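Below is one structure, written out as structure tokens, with a few remarks after it.
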Amino acid sequence: MSFQGQFQAIVARYGVAVTLQLEGETLGSGLALLRPLLDRERKFLPTDLGVRRQELTLCLRQVEIPFPDQPGELVLKTGQRTYDVVNARLIGAGEEQIYWRAVLARREEESP
């Protein structure tokens with residue numbers, strides 16, 4: 001079995017459905033593994049109204065829907081959660097493309 005085949009089996013069992021959007025337009029959907037980045041401390045960022053928490057998440061996603069190179073508001077959604085894409089890169093072995101690795105910043109839920 002290829003590396004990509006092994007990743008597909010893992011994401012099929014443990015992954016969650018995600019949707020990738022650029023500037024509000026859906027680019028596609030697929031499965032991904034989402035895990036908190038435990039090697040980093042939770043960060044508190046200053047804002048005009050005080051401080052807010054920033055949680056970073058590691059995303060390993062199927063290669064079928066590529067992350068676009070063009071700038072813009074790129075978000076990944078799963079269920080009720082929305083994440084801003086901080087960075088993304090394609091991971092491969094030799095000529096084989098295995099998965100996308102991205103770092104996501106979780107958006108705070110907006111209060112009514």
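All figures in this text were calculated on a predicted structure; none of them were measured in a lab.
Between I98 and V63, the closest side-chain pair of non-hydrogen atoms is not below 4.5 Å. Contact annotation: the side chain of V18 approaches that of R61 to within less than 4.5 Å [non-hydrogen atoms, C-beta and beyond]. For the pair T57 and R35, the minimum side-chain heavy-atom distance is 4.5 Å or more. For the pair L76 and C59, the minimum side-chain heavy-atom distance is below 4.5 Å. Residues L58 and L34 are not in side-chain contact: their nearest non-hydrogen atoms beyond the backbone lie 4.5 Å or more apart. Between V75 and V85, every side-chain heavy-atom pair lies at or beyond the 4.5 Å cut-off. Side-chain contact between L20 and F67: present, with at least one pair of heavy atoms (C-beta onward) separated by less than 4.5 Å.
In this structure F7 satisfies the ring-ring contact (aromatic ring centres under 6.0 Å, His included) test together with Y99, sequence neighbours excluded.
Not one N or O on the side chain of T78 forms a donor-acceptor pair closer than 3.5 Å with the backbone of R81. Proximity of a side-chain donor or acceptor of E73 to a complementary backbone N or O of E23 within less than 3.5 Å is not detected. No donor-acceptor pair closer than 3.5 Å links the side chain of Q62 to the backbone N or O of A32.
A donor-acceptor contact under 3.5 angstrom links the side chains of T19 and S29, judged on distance only.
E64 and Q8 make their closest contact through OE2-NE2, 3.3 Å (heavy atoms, listed as atom of the first residue, atom of the second, distance). The two residues L27 and L74 come nearest to each other via the heavy atoms CD1-CD1, 4.2 Å. Contact record, P68 with L22: CG-CD2, 4.2 Å, taken as the closest heavy-atom pair.
Rounding to the nearest 0.5 Å places CD of Q97 at 4.5 Å from CG of L90. With rounding to the nearest 0.5 Å, the separation of NZ in K77 from OG1 in T26 is 8.0 Å.
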Side chain to side chain contact (heavy atoms under 4.5 Å, CB included) between V86 and L104, worked out = CA-CA 5 Å; V86 176; L104 310 174; 5.9 Å; no
